[in-house]
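These notes are about the structure you will find just below.
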Amino acid sequence: MFDALWVSTTAVALAEMGDKTQLLALMLAARWRKPWPIVAGIAAATVVNHALAGALGAWLTQWLGQDALRWIVGGSFLAVAAWMLIPDKLDDGEIKLPPGGVFIATVVAFFVAEMGDKTQVATVVLAARFDALWQVVVGTTAGMLLANAPVVFMGDKLTRKLPLVWINRGAAVLFAVLGVVTLLW
């Protein structure tokens, strides 16, 4: 019953490890040292961004035939799996933070950073795969928070101890399995 929620949470939590938005969370935490407004901003930006992405995925299911949708979703999962193997980097000048406080700056920065990001693409694909939009959006948002909140609270100590290459490989395997399962069923 809650497959969409658990798969979405797990997939995005793993996909987010070492992602540019995780690096952005670390940068914001180091810059302002105000974890609660940063985590709240991450949550707000992710809910809006992933709700829009999930709505797109759900809309696609209405317009595409079952076979076309299966091939597109399965291929997309495999593409995200390959994408997971490419490490992200965040340039200092990539995102300009607006004035208006830590919360607003985090919302804007995260919303922009998520545009076209693998977790946003994964949200579209997951919403197209599962007929449970709210579970996908809640799950992908929870996954983002599971990956980013510890970075905000514990900073670079956490990222130095985690083997990010293995976490990325694990996420790649998860997306590859989802792709193969989708293509076969």
Side-chain angles (χ1 to χ4, degrees), residues 2-54 80 83-84 86-92 94-98 100-127 132-175:
F2 288 99
D3 288 348
L5 178 68
W6 303 120
V7 169
S8 298
T9 301
T10 303
V12 169
L14 289 173
E16 186 63 15
M17 295 302 203
D19 190 75
K20 68 181 174 191
T21 48
Q22 194 176 47
L23 298 174
L24 175 61
L26 181 60
M27 182 188 78
L28 293 172
R31 177 183 254 175
W32 287 308
R33 301 187 189 285
K34 294 184 179 187
W36 289 109
I38 293 169
V39 170
I42 291 168
T46 302
V47 165
V48 173
N49 193 297
H50 288 195
L52 293 171
V80 171
W83 195 356
M84 287 301 310
I86 302 168
D88 279 331
K89 292 178 178 64
L90 180 65
D91 297 330
D92 287 336
E94 186 174 328
I95 297 172
K96 302 289 183 204
L97 299 177
V102 174
F103 173 78
I104 297 299
T106 302
V107 169
V108 171
F110 257 80
F111 189 86
V112 170
E114 270 296 290
M115 298 304 290
D117 193 53
K118 62 188 160 214
T119 51
Q120 185 188 43
V121 173
T123 302
V124 172
V125 173
L126 289 162
L133 178 60
W134 76 268
Q135 289 181 19
V136 170
V137 173
V138 169
T140 58
T141 301
M144 287 287 285
L145 290 172
L146 283 171
N148 287 304
V151 170
V152 172
F153 286 107
M154 292 187 257
D156 65 346
K157 290 178 188 176
L158 177 70
T159 57
R160 287 184 189 167
K161 292 182 181 183
L162 287 175
L164 294 179
V165 68
W166 286 106
I167 292 170
N168 282 337
R169 288 176 183 166
V173 167
L174 176 63
F175 279 107

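Just so it is clear, the values below take in all heavy atoms, side chains as well, and ignore hydrogens, waters and symmetry mates. As the structure is a computational prediction, the values presented were derived from the model and not from experiment.
- Heavy atoms only, all atoms of each residue included: Lys34 and Pro37 are closest at O-CD, 3.2 Å.
- Inter-residue side-chain proximity for Phe111 and Leu52 is flagged as met; some heavy-atom pair is nearer than 4.5 Å.
- Closest approach of Ala113 to Leu24, counting heavy atoms only: CB-CD2, 4.0 Å.
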Discussion item. Let's go through Val152 and Ile42 carefully: what are the C-alpha distance in whole Å and the side-chain angles of both, what is the deciding distance for side chain to side chain contact (heavy atoms under 4.5 Å, CB included) to 0.1 Å, and is it a yes or a no?
Written reply: CA-CA 10 Å; Val152 172; Ile42 291 168; 4.0 Å; yes
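- When all heavy atoms of Met17 and Ala147 are compared, the closest pair comes out as SD-CB, 4.3 Å.
- For Trp36, the ring-ring contact (aromatic ring centres under 6.0 Å, His included) criterion is met by Phe153, not counting sequence neighbours.
- Screening residues 141-154 for side-chain hydrogen bond (donor to acceptor under 3.5 Å, both in side chains) gives Glu16-Asn148 as the qualifying pairs, with residues at least two apart or on separate chains.
- Contacts of Thr140 classified as side chain to side chain donor-acceptor pair (under 3.5 Å), with partners at least two apart in sequence or in another chain: His50.
- For the atom pair CG of Leu14 and OG1 of Thr119, the computed distance is 12.5 Å after rounding to the nearest 0.5 Å.
- Every residue two or more places apart in sequence or in another chain that forms a side-chain contact (heavy atoms from CB on, under 4.5 Å) with Trp134 is listed here: Phe2, Val138.
- When every heavy atom of Ala127 is checked against every heavy atom of Leu133, the shortest pair comes out as CB-CD1, 4.3 Å.
- In this view, Ala44 and Phe103, Val107 satisfy the side-chain contact (heavy atoms from CB on, under 4.5 Å) rule, not counting sequence neighbours.
- Every residue meeting the side-chain contact (heavy atoms from CB on, under 4.5 Å) condition with Ala51, not counting sequence neighbours, appears here in chain and number order: Val137.
- Checking side-chain atoms of Glu114 against main-chain N and O of Thr46 turns up no donor-acceptor pair under 3.5 Å.
- Each of Val12, Leu126, Val124 was evaluated against Val136; a single residue qualifies, Leu126, per the side chain to side chain contact (heavy atoms under 4.5 Å, CB included) test.
- In plain terms, the two heavy atoms of Ala15 and Lys118 that are nearest each other are O-CE, 3.4 Å.
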